[in-house]
Amino acid sequence: MKKITTLILTGLLAIPSFAKVPVYLDPTADIEARVEDALSRMTLEEKVKVLHAQSKFSAAGVPRLGIPELWTTDGPHGIRPEVMWDEWDQARWTNDSCIAFPALTCLAATWDPSLAYTYGKALGEEARYRKKDILLGPGVNIMRTPLNGRNFEYMGEDPYLASIMVVPYIQGLQSNGVAACVKHFALNNHEVNRHTTNVSLSDRALHEIYLPAFKAAVQKGGAWSLMGAYNLIGDQHLCHNDRMLMKILKGDWGFDGAVVSDWGGTHDTDEAIENGLDLEFGSWTDGLSNGASNAYDYYYLANPYLERLKSGQASEEVLNDKVRRVLRLAFRTTMDRNRPFGSFCSPEHSTAAREVGRKGIVLLKNDRKLLPLDPKSNIKVAVIGENAIKMMTVGGGSSSLKALYEISPLDGLREAFGPQAVVAYARGYVGDPTGEYNGVVSGQDLTETRSQAELTAEAVALARNSDVVIFVGGLNKASGQDCEDSDRASLGLPYGQDELIEALAAANKNIVVVNISGNPVAMPWLGKVRSVVQGWYLGSEAGHSLADVLTGKCNPSGKLPCTFYATLDQVGAHATGSYPGVKRADSDIVDCNYDEDIFVGYRWIDSHKQAPLFPFGHGLSYTTYKYGKPKASASAMTDAGTITITVPVKNIGSVAGSETVQLYISDIKSSLPRPEKELKGFEQIQLQPGAEGEVTFTISKEALEFYNPGVESMVAEPGKFKALIGASSGDIRQIVEFELRDGTLALCE
Ligand code: GLC
C-alpha cells in the first residue's frame, strides 16, 4: 500500500508546471480574477464577437479559450420550445415540451414571496435542464393601462408589490446558475407603437412608480442581466439610453450585469457603444433579411464596432467594460462548474404550478356563498364558455409555450366532481378557434359552424336545466386580447360574452363567472351574477387550480395586484388622454406623456374618489377574518427609529384560510402632491377556524419617502402620517397615527 501511495505522490509531484490550470478556468478562483484573466487573453475580434448574437437565441463564446456560447430562452412562465438557428419557427425537437407555469400576474396575486422563490427555482430548473443560461424574464413593467397586451407577463400596478415579489423569483431562478434578464427596462407600459413610443414623464413618476421594481431586481435580487425595452425616453431608445443605462442602472444602482437588447431593439452603433448596451440580439441592420448567413456580422455591435475600434474612433476601455460584463455573466452561468443540473417536467414543477395557480386565483364576489360547490353532491353543473376548453399556453407572443400538458377548466372540474355529478358543457360563444404561435399548435379543433343564436340557445337551455352554472370566459391571448405587440381596444369582454352572461343569469341565478385574463375587464352584468372569480392564465395545471378553488379544496386567498375598473375613465392614462400618445408629423415617433404622473392604479382612484368594480388588493375567502385593535410602539434602535404595529387577526368563519393583511402609508401633509395612500407592507397569516393570530409591521423612514426632484433623491418629510391596515386598498380596517419629528419616528400622543 505504501508503495502505491509513494508512486501516486511522486506522480503528482512530477506534473510539469505548464499544466497549471489558467485562472479563468480555475473554478476555485475569484470570479473577478477569472474575468480579468479571460479578458487579457482575448483578441479584439473575440471581444467584439461576444457582444452580439450568433443565432436567434445564442451569443458566441470564445472557442479558442474554451469559453462556451451563451444560450438565452423565453420566457417568464416557462421554457420556450427550440427554434431554428436563425428563425422564430420551430426546430421541431421532440424533447422540449415544458411545464407551463401561471402567468406572473397570477404569481403577483398570491402576494407570497416564498412562492415567488419556488416559482423562480422551478423555472430555473427547467431552463437549466434545457441547457439555457439566460431566462428572458421576469417582466416587471407597471400596469399603467389595463389595455396593455403584455400585462399578463408582469406583476400589476403597484411598485412595492412588484418590488417584493420579483426579488425571490430572481433568487430562485439564479440558484440554478441561470441568469434572470429582468425586462423591459423601462417604461414599456403598452404595446401599441412599442418600437416608436417616446415616453415623457416626471422624475417622480419614474422613481416612485416605474423604476422601483427594476431597482429591487438589481440591488436586492442581484439580477445578472437586464433587457432594454423597445421604446424611447428622451428620444433615445432604451436599449442604448445614456440616462437610463449609464447614469441610473450602471451608475446610481451599481448594476454589474449585462444589458441585453430586446430582439430588434438596437438601432445605432455609436449609441450602442457609448450608452451601455452589452449584448445585442435580434437586430436587422442594413436591410439584411433574417436568416442571411452573415447577418450577424452586420449587427450594430459587430463589424461596425470592430471598424471603429481599429480606426481609433471607439475606445478599448469601453469595449472591455462590456466584455467584462458578458464574461461575468458566463462565469456566473455556463462556466460555473458547481451549478446544479436542473430538472424538467418533474412532479414538483407541476405541484408548484398548481400551487401558484390556486393561491393566485382571486374570489371577487360570492353572494349567498354560492361557492364553494360540493364535489360530493350529485348536482348538475353547466360549464359554459370557450375558455373552459381552450388551450391558453399557446399564444400571447414570446411567452407562448409548447406545454407537456394543460388541464382545461372543464377537465379539472369533471375530475373534481367525479362520476356522480353531471358536468355538462356548452361552448356559448366563439372566441379564437385558432391555436398556433410560431408553429406551435394547440392541436385543438375549435372550428364552429353554429351561429351565435344557436350557441346561445344551447347554453341557455343547459343553464336552465342545471343546478349551477360556471361560465368560463374572458380573454385568450389572441391578438388584441392580451397579446404581445397589440393592446386591447376596450375594457369590455369580447365575442359577445356580456350578452351571453346576461342571458345565462336570467336562466339560472346560481351562476359563477370565471374570468380568465391577464387584465381587468368591465363587468356590466356584475349585479346579476352570484359569484365572480378572477382566473388569470394558469398554465399546465389550470383546471386543477381552478377546480381546487371552486370546490373548496383550496380556500381562495388571492388578492388583486391591479384595480378592476368599471370604465376606462377611471384610469389616469385614459382620463388624461395620454394613452397611447401622439404621432409626430415628421417621423414615426409617437410621443406619450405620462400626464397622470404618479397617480397610477389605486393612486388615481383614491385621488379622484372613484368607485372601481374591485379595488387593488381585494380578494374574498370562504371564511371571514376580523381585524382587532392594533398595538403600536416606537423604538429608537436605528437612526430614525421604527414604528412597530401588531394587528390581531381572527378567523371567525368555519374553514381554515390565509389572509394577506396590507399596510398602506398616508402622508397627511406634504410639500408635493402625494397619493392618498401607498402600499408599504403586507403580511400573510394562516388561521384555522376560530383561531386568532397577529401580524406585525415595522415601519421605517423609507416607507414615508417620496422622490423630491429638487434634491434628486427620495426624502421623508417631517410631519404626521397614518398607517392604514386593510384587507384591500378599499377596505381599511384599522388606523394608527404616528409622526416623523426631529428625524425620529414617534407615535402621536
Ligand atoms: C420579444 C419580446 C421579449 C422577448 C424577446 C425574445 O420581442 O419583447 O420580451 O424576450 O423578443 O423573444
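Whatever order the structure lists them in is the order used to number ligands and atoms, beginning at 1.
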Discussion item. Check whether R339 reaches the backbone of T333 with its side chain - one donor and one acceptor, N or O, closer than 3.5 Å.
Written reply: yes
Worksheet item: Would you call D321 and R325 a salt bridge, using N to O less than 4.0 angstrom?
Response: yes
Fill in: Side chain to side chain, P561 and M155, heavy atoms closer than 4.5 Å
no
Worksheet item: Is a donor on one side and an acceptor on the other found under 3.5 Å between the side chain of Y579 and the backbone of C592?
Response: no
Worksheet item: So, are D588 and K583 salt-bridged, with charged N and O less than 4.0 Å apart?
Response: no
Does ligand 1 have any N/O atom under 3.5 Å from a protein N/O, and what are those pairs and their distances?
{"unit_1": "ligand 1", "atom_1": "7 (O)", "unit_2": "Y230", "atom_2": "OH", "d": "2.6"}
{"unit_1": "ligand 1", "atom_1": "7 (O)", "unit_2": "E484", "atom_2": "OE2", "d": "3.1"}
{"unit_1": "ligand 1", "atom_1": "8 (O)", "unit_2": "R150", "atom_2": "NH1", "d": "2.8"}
{"unit_1": "ligand 1", "atom_1": "8 (O)", "unit_2": "D262", "atom_2": "OD1", "d": "3.2"}
{"unit_1": "ligand 1", "atom_1": "8 (O)", "unit_2": "D262", "atom_2": "OD2", "d": "2.6"}
{"unit_1": "ligand 1", "atom_1": "9 (O)", "unit_2": "R150", "atom_2": "NH1", "d": "3.4"}
{"unit_1": "ligand 1", "atom_1": "9 (O)", "unit_2": "R150", "atom_2": "NH2", "d": "2.8"}
{"unit_1": "ligand 1", "atom_1": "9 (O)", "unit_2": "K183", "atom_2": "NZ", "d": "2.8"}
{"unit_1": "ligand 1", "atom_1": "9 (O)", "unit_2": "H184", "atom_2": "NE2", "d": "2.7"}
{"unit_1": "ligand 1", "atom_1": "10 (O)", "unit_2": "D74", "atom_2": "OD1", "d": "2.6"}
{"unit_1": "ligand 1", "atom_1": "10 (O)", "unit_2": "K183", "atom_2": "NZ", "d": "3.1"}
{"unit_1": "ligand 1", "atom_1": "11 (O)", "unit_2": "D262", "atom_2": "OD1", "d": "3.1"}
{"unit_1": "ligand 1", "atom_1": "12 (O)", "unit_2": "D74", "atom_2": "OD2", "d": "2.6"}
{"unit_1": "ligand 1", "atom_1": "12 (O)", "unit_2": "R80", "atom_2": "NH1", "d": "3.3"}

Worksheet item: Minimum heavy-atom separation for I31 to R332, with atom names?
Response: CD1-CG, 3.6 Å
